[in-house]
Amino acid sequence: MSQDLLEALKAHTLWLRGRGGTRLDKPWADFAGVRFTGCTLTRARLPGARFDYADISSGDFEGADLFASSFDSATLFRANFRRADLRGANFKNAMLAEADFTGADLTGGVLFDARPGERAMTEQLGRRTGADLSNADLSGANGGGAAFKGALLAGAILRGVDLSGANLRGVDLTGADLTDANLTGADLRAAVLTAADMTNCILQDANTEHSMGLNPEEGPRKPLDPDLRLAIARHCTWAQTFGAKGGQANFTDQDLRGFVLSNLDLSAAVFKGANLDGVSMRGGNFLLCDFTDAHLANCDITRAQMRGTCLKNAVLDGSNLSDADFTEADILNHERKPTGRKWPANMLGVRMTNCKVKGTRFDGANMIGADVTGTDLSQASLTGVRR
């Protein structure tokens, strides 16, 4: 960061405090690569500014003019963009977990090149490829026609947001709050909407082909407890980023009956003593989860990934485990590469009476003391099982 820009920032801080100084007015300012956490850029004029690869976590941009600014690959954890002018801003590959976009103007999409020039300031491509807006708050923002293709919006607060005609193809909206949001004509193909709160959400003419967690024919779903929804969203982000973002979900002793965990990635979540009776876990990823003493009776666990899972003394009576994988999980090193060692599923003392196990793989699992009365294990793979 240049000395001139540093002096301008000091003057801006004095101006905000009413102690003289001058308002920051630096079109095309270059903050690329700087670490500037907790900065105060409230009401600053920074059109076309570059924040690429910068760490501006907890930064305050409330009411700032950031038209056509670039935040490519920036870290903006818990940043405040309330009422900011973000028309044409580029958030490609940015980390915006728990950021606040309440009332921000996101019209027009993303400017591909934020270099000086009239043409660069006005060309809009409408693309937000790969942005991470986990737990972000975009309440009341105007993003009509914008594109968030491939973005991670798990846990984002999008209450009342106008995303009509937006490109949300493949976007992960796990646990997002879409209450009163306008998704008219939006492209939601292959989007993940599991655990999302869609109360009064407008989906007229939206394309929901192959989306997960949404069945328009079933009508509105009962909203989840907000804390539970956020925990799932943060865990989804935590799992997808190998622990770099979000947080591990802990559902110890919680009552999760009536909830749908189908197709969710809840790898390594903790469910000790939880009640999941009747819950659908179909196709979900529960690698290395801890279900010790949990109740999973009459669950749909078909095609679920349960490798390395701990089910010690758990109750699975009457559940459908067809084609589920309870085999050993690979133990990875610090580079996330397999070490050649395996972590077996622990099913010590599990109760799984009258279960369906056609095509289920239990290879290498510890099933000592398991109660399998009424379960036809001849339909399952039991290579190396300890019983």
Side-chain angles (χ1 to χ4, degrees), residues 174 192 194-195 212-213 215 232 235-236 239 249-331 342-387:
T174 299
V192 181
T194 307
M212 290 187 285
N215 186 351
I232 292 169
H235 184 84
C236 178
N250 190 333
F251 302 107
T252 299
D253 296 327
Q254 291 196 31
D255 187 348
L256 301 174
R257 288 175 295 177
F259 184 43
V260 178
L261 299 178
S262 300
N263 301 308
L264 272 178
D265 185 351
L266 285 168
S267 303
V270 179
F271 293 89
K272 288 183 178 180
N275 190 341
L276 296 103
D277 289 346
V279 168
S280 175
M281 300 165 61
R282 185 184 185 93
N285 189 354
F286 301 95
L287 178 79
L288 295 170
C289 284
D290 189 347
F291 289 96
T292 301
D293 297 321
H295 284 257
L296 298 125
N298 301 308
C299 289
D300 181 359
I301 309 179
T302 55
R303 297 199 299 276
Q305 286 292 332
M306 308 290 288
R307 287 175 292 141
T309 296
C310 182
L311 288 153
K312 185 178 179 181
N313 298 321
V315 178
L316 283 80
D317 296 341
S319 290
N320 187 352
L321 312 179
S322 299
D323 296 315
D325 187 352
F326 290 84
T327 59
E328 302 165 321
D330 290 319
I331 296 177
K342 303 285 186 178
W343 189 272
N346 185 355
M347 304 180 74
L348 183 69
V350 71
R351 203 173 84 193
M352 41 183 286
T353 63
N354 301 308
C355 291
K356 296 179 182 179
V357 292
K358 185 177 181 180
T360 308
R361 297 179 59 199
F362 295 105
D363 303 340
N366 180 1
M367 297 180 70
I368 295 175
D371 183 354
V372 293
T373 304
T375 299
D376 185 3
L377 291 177
S378 66
Q379 297 180 317
S381 178
L382 301 167
T383 304
V385 168
R386 298 168 59 195
R387 295 187 61 191

ask   = Which residues pass the ring-ring contact (aromatic ring centres under 6.0 Å, His included) test with F251, sequence neighbours left out?
value =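 In terms of ring-ring contact (aromatic ring centres under 6.0 Å, His included), with neighbours along the sequence ignored, F251 is linked to F271.
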How close do [X] and [Y] get, counting heavy atoms only, and between which atoms?
X    : Y    : answer
L276 : C299 : O-SG, 3.0 Å
F286 : L266 : CE2-CD1, 4.0 Å
R257 : D277 : CG-O, 3.4 Å
M347 : A365 : SD-CB, 4.3 Å
R307 : L287 : O-CD1, 3.3 Å
M281 : A304 : O-CB, 3.7 Å

If we ignore hydrogens and angles and just use 3.5 Å, is the side chain of [X] paired with the main-chain N or O of [Y] as donor and acceptor?
X    : Y    : result
T375 : V357 : no
T353 : G374 : no
S319 : C355 : no

query = Can you check whether M306 reaches D325 side chain to side chain, under 4.5 Å on heavy atoms?
reply =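 Counting from C-beta outward, M306 and D325 never come under 4.5 Å.
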inquiry  = Ignoring hydrogens and geometry beyond distance, is a side-chain donor-acceptor pair present between D363 and S381 at under 3.5 Å?
reply    =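 Per modelled atom types, D363 and S381 side chains form a pair under 3.5 Å.
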ask   = Is it true that the side chains of S280 and S262 contain a donor and an acceptor less than 3.5 Å apart?
value =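 Side chains of S280 and S262: pair found under 3.5 Å.
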Filter on salt bridge (Lys or Arg N to Asp or Glu O under 4.0 Å), then keep only pairs touching [range], sequence neighbours left out; what's left?
range            : answer
residues 351-360 : D317-R351
residues 370-387 : none
residues 279-288 : R282-D300

First locate atom [atom1] of [X], then atom [atom2] of [Y], and finally report the distance between them rounded to the nearest 0.5 Å.
X    : Y    : atom1 : atom2 : result
I301 : T309 : CD1   : OG1   : 9.5 Å
R303 : N320 : CZ    : CG    : 10.0 Å
D255 : N275 : CG    : CG    : 5.0 Å

task = Output every pair passing ring-ring contact (aromatic ring centres under 6.0 Å, His included) with a member in residues 357-387, not counting sequence neighbours, ordered by first then second residue.
result =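 ring-ring contact (aromatic ring centres under 6.0 Å, His included) check on residues 357-387 returns F326-F362.
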query = Among pairs that include at least one residue of residues 366-387, which meet ring-ring contact (aromatic ring centres under 6.0 Å, His included), considering only residues two or more places apart or in two chains?
reply =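 Sorted pair list comes back empty.
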Under the side chain to side chain donor-acceptor pair (under 3.5 Å) rule, collect the residues that match up with [X], sequence neighbours excluded.
X    : answer
Q254 : none
D253 : none
D330 : K342

Output a table of donor-acceptor pairs, distance under 3.5 Å, between side-chain atoms of residues 289-298 and any protein atom two or more places apart or on a different chain; print 'none' if there are none.
residue	atom	partner	partner atom	Å
D290	OD1	T292	N	3.0
D290	OD1	T292	OG1	2.6

task = Determine, stepwise, if the pair L382 / L377 fulfils side chain to side chain contact (heavy atoms under 4.5 Å, CB included).
result = CA-CA 8 Å; L382 301 167; L377 291 177; 3.9 Å; yes
Set of side-chain contact (heavy atoms from CB on, under 4.5 Å) partners for L348, sequence neighbours left out =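 Expected list: K312, N346, N366, I368.
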